[in-house]
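Not measured: the values here are computed from a predicted model. Worth knowing before you read on, the calculation uses all heavy atoms, side chains too, and leaves out hydrogens, waters and symmetry mates.
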Amino acid sequence: MRKTNTNRITGCFSVLLFLVLVASCAERTRSTSEAATTWSGHKHWEMGPFLKQHGANPVLAAGDLEFVCPILQKPVKWEEKDVFNPAAVVRDGAIHLLYRAEDFLGSNNGTSRIGLAISGDGLNFDKLPEPVFYPENDSLKPLEWDGGVEDPRIVETEEGRYFMTYTSYDGKVARLMLASSDDLKHWTKYGRVLNGPYRDTWSKAGAIVAEQEGDRILAKKIHGKYWMYFGDTDLFLAHSEDLVQWIPLEENGTLQSVMKPRPGYFDSRLVESGPYALLREEGIVLLYNGMNLDEGQERDPSLPPGAYSAGQALFAAEDPSRLIDRSETYFMTPEEPYEIEGQVNLVCFIEGMVPYQGKWFLYYGTADSKIAVAVYEE
């Protein structure tokens, strides 16, 4: 009897101990997972996780640099108000950040110009004293003044020439534009990307399909053509044979949408290209910006109204217009004080990305006021 009772008690104790250990292990696993990464909900083809560099961020802020504006013909503090939304390129072993900078003078909440800052570690930057790209007394002045030139995105060719898409703003219409350079300092402007019936319609955010080759990001042809995603409500697509003359895809007499906002998601209001689109083994990976609706049942209730967060999309390598997959949730969202409050609140806007020293450095504008970086090591 005692033996039987002892066996029963021992058995019960063993079961109880087992359950406690299982629960303890599960709790440790859950805690470790939650503390170490938020990446478990993302898909195998997505790049990441990108970790914000809190000790260094923001890596770039406004300053008091001056240059003589060729249009105003007087010295202006061209980056006094805000700096944000940069492109990034690795050149001569250093990261070159081409960043949007605003003054206090323009009638459209400041005039935007593009400055250049250089870093040997991706975190600490030295600015050139004058902007490298800005409105001038040239044929494009009516399209670029006095809102300015904004939001660059850059790819390179095999020959070492850089092609930059940017936005011109005349105070009424934003237009997607194009320029090229051999040294990132002296630029040739080509004018509008879209022509014909679309030449004076609102257009932004040109992300050219490219491929990684070491630390270089090279424009890549697919079926004999270069491809570019663009748009800041839906995403659209254009192709080119020379990176200069572009033809948009059309459907039923209008621009063909290749990706749309999604009700109930972080990108419920709009989708807008991030950096270039990157051709990888899984397909064309496009990191993009999404905005949450301000109100209504179709917005993401877990995010603040109007918040800008970043997601990823996968397009078919053999057909850049075919959307294969899309992230279920954002991989970056405003969390830090400098991301939450600024010229425009609640903004993480990704735009520059480079492979550097075995890591991916992703640069983004914070609240349209400063620039920060997140890093991903494959």
Side-chain angles (χ1 to χ4, degrees), residues 65-87 98-116 130-154 161-181 184-208 228-233 236 238 240 242-248 250 254-255 272-273 343-344 349 351 365 368:
L65 298 176
E66 286 189 350
F67 95 121
V68 176
C69 174
I71 295 177
L72 296 176
Q73 296 188 345
K74 67 177 185 180
V76 299
K77 292 186 176 182
W78 58 277
E79 55 141 35
E80 182 181 22
K81 180 172 171 281
D82 298 294
V83 299
F84 53 114
N85 295 9
L98 288 101
Y99 63 96
R100 175 179 173 181
E102 289 181 336
D103 63 25
F104 279 110
L105 302 177
S107 62
N108 298 282
N109 202 30
T111 297
S112 292
R113 301 173 180 88
I114 295 174
L116 178 60
E130 298 189 351
V132 295
F133 197 81
Y134 45 85
E136 301 184 69
N137 290 303
D138 56 23
S139 62
L140 295 180
K141 176 183 173 182
L143 306 183
E144 297 179 350
W145 189 257
D146 68 350
V149 293
E150 310 173 353
D151 298 0
R153 293 163 172 84
I154 296 178
R161 190 162 186 82
Y162 301 98
F163 278 82
M164 177 175 72
T165 62
Y166 69 98
T167 300
S168 68
Y169 187 55
D170 60 8
K172 295 181 179 178
V173 179
R175 296 175 177 86
L176 182 58
M177 310 283 277
L178 187 72
S180 71
S181 173
L184 300 176
K185 298 176 182 177
H186 305 89
W187 293 87
T188 299
K189 296 179 180 179
Y190 297 106
R192 299 170 174 87
V193 167
L194 299 179
N195 285 285
Y198 309 111
R199 63 184 283 107
D200 291 319
T201 57
W202 187 281
S203 58
K204 297 179 70 178
I208 295 172
M228 178 197 300
Y229 298 94
F230 67 94
D232 68 335
T233 304
F236 307 103
S240 171
D242 59 5
L243 290 172
V244 177
Q245 304 293 326
W246 292 87
I247 300 172
E250 294 181 295
T254 189
L255 294 175
E272 182 172 354
S273 308
Q343 179 184 180
V344 179
F349 194 90
E351 196 161 307
D368 282 12

Fill in: Point-to-point distance, once rounded to the nearest 0.5 Å, from CZ of F104 to CG of D82
7.0 Å
Worksheet item: Between atom CD1 of I154 and atom CE of M164, what is the distance when rounded to the nearest 0.5 Å?
Response: 6.0 Å
Worksheet item: With sequence neighbours left out, what residues match Y229 under ring-ring contact (aromatic ring centres under 6.0 Å, His included)?
Response: F315
Worksheet item: Do the non-hydrogen side-chain atoms of V132 and L184 ever get within less than 4.5 Å of each other?
Response: no
Discussion item. Can you give me the closest heavy-atom contact between P86 and G365, atom names plus distance?
Written reply: CD-N, 4.3 Å
Worksheet item: Distance from R199 atom CZ to R192 atom CZ, nearest 0.5 Å?
Response: 3.5 Å
Worksheet item: Out of curiosity, H186 NE2 to S181 OG, how far, rounded to the nearest 0.5 Å?
Response: 8.0 Å
Worksheet item: Is a side-chain N or O of R153 found less than 3.5 angstrom from the main chain of S273, in a donor-acceptor match?
Response: yes
Worksheet item: So do the side chains of I71 and P135 get within less than 4.5 Å of each other, counting heavy atoms only?
Response: yes
Worksheet item: Where do L176 and W246 land on the side-chain contact (heavy atoms from CB on, under 4.5 Å) test, with the steps shown first?
Response: CA-CA 11 Å; L176 182 58; W246 292 87; over 6 Å; no
Worksheet item: Considering residues at least two apart in sequence or located in another chain, which fulfil the ring-ring contact (aromatic ring centres under 6.0 Å, His included) criterion with F230?
Response: F236
Worksheet item: Can you tell if the side chain of Y198 reaches within under 4.5 Å of the side chain of S203, non-hydrogen atoms only?
Response: no
Item to complete: Start with the C-alpha gap between R175 and D200, add the side-chain angles, then the distance that decides, and say whether side-chain contact (heavy atoms from CB on, under 4.5 Å) holds.
Response: CA-CA 7 Å; R175 296 175 177 86; D200 291 319; 3.0 Å; yes
Fill in: S180: partners by side-chain contact (heavy atoms from CB on, under 4.5 Å), with sequence neighbours left out
R161, F163, T188, Y190
Worksheet, complete the sentence: On a heavy-atom basis, the closest approach of E130 and W78 is C-CZ2, 3.7 Å
Item to complete: First locate atom NZ of K185, then atom CG of L98, and finally report the distance between them rounded to the nearest 0.5 Å.
Response: 11.0 Å
Discussion item. A side-chain contact here means heavy atoms from C-beta on lying under 4.5 Å apart; do P131 and F67 qualify?
Written reply: yes
Fill in: Side-chain donor or acceptor of D146 paired with backbone N/O of S107 under 3.5 Å
yes
Item to complete: Just jot down the ring-ring contact (aromatic ring centres under 6.0 Å, His included) partners of F84, sequence neighbours excluded, or say none.
Response: none
Worksheet item: Do side-chain atoms of D103 reach the backbone of T111 as a donor and acceptor pair under 3.5 angstrom?
Response: yes
Worksheet item: Got a donor-acceptor contact below 3.5 angstrom from the Q343 side chain to the D368 backbone?
Response: yes
Discussion item. I'd like to check R113 versus V76 (side-chain heavy atoms, cut-off strictly below 4.5 Å). Are they in contact?
Written reply: yes
Discussion item. How close do E351 and N85 get, counting heavy atoms only, and between which atoms?
Written reply: OE2-O, 3.2 Å
Discussion item. I want to check something: taking the side chain as every heavy atom from C-beta on, are Y134 and C69 in contact at a cut-off of under 4.5 Å?
Written reply: no
Practice prompt. Indicate whether any N or O donor in one side chain lies under 3.5 Å from an N or O acceptor in the other, for D170 and S168.
Written response: no
Worksheet item: Listed by chain and number, what are the side-chain contact (heavy atoms from CB on, under 4.5 Å) partners of E150, not counting sequence neighbours?
Response: R100, S112, T167, Y169
Discussion item. For L72 and W145: C-alpha separation, side-chain torsions, deciding distance, then whether side-chain contact (heavy atoms from CB on, under 4.5 Å) applies.
Written reply: CA-CA 11 Å; L72 296 176; W145 189 257; 3.8 Å; yes
Item to complete: Indicate the atoms forming the closest heavy-atom contact of P152 with A87, along with that distance.
Response: O-CB, 3.3 Å
Practice prompt. Find the distance between CG (L194) and CD1 (I247) and round it off to the nearest 0.5 Å.
Written response: 11.5 Å
Fill in: Distance-minimising heavy-atom pair for E79 and A101
CB-CB, 3.5 Å
Worksheet, complete the sentence: With sequence neighbours left out, the residues meeting side-chain contact (heavy atoms from CB on, under 4.5 Å) with D138 are E136, L140, K141, K189
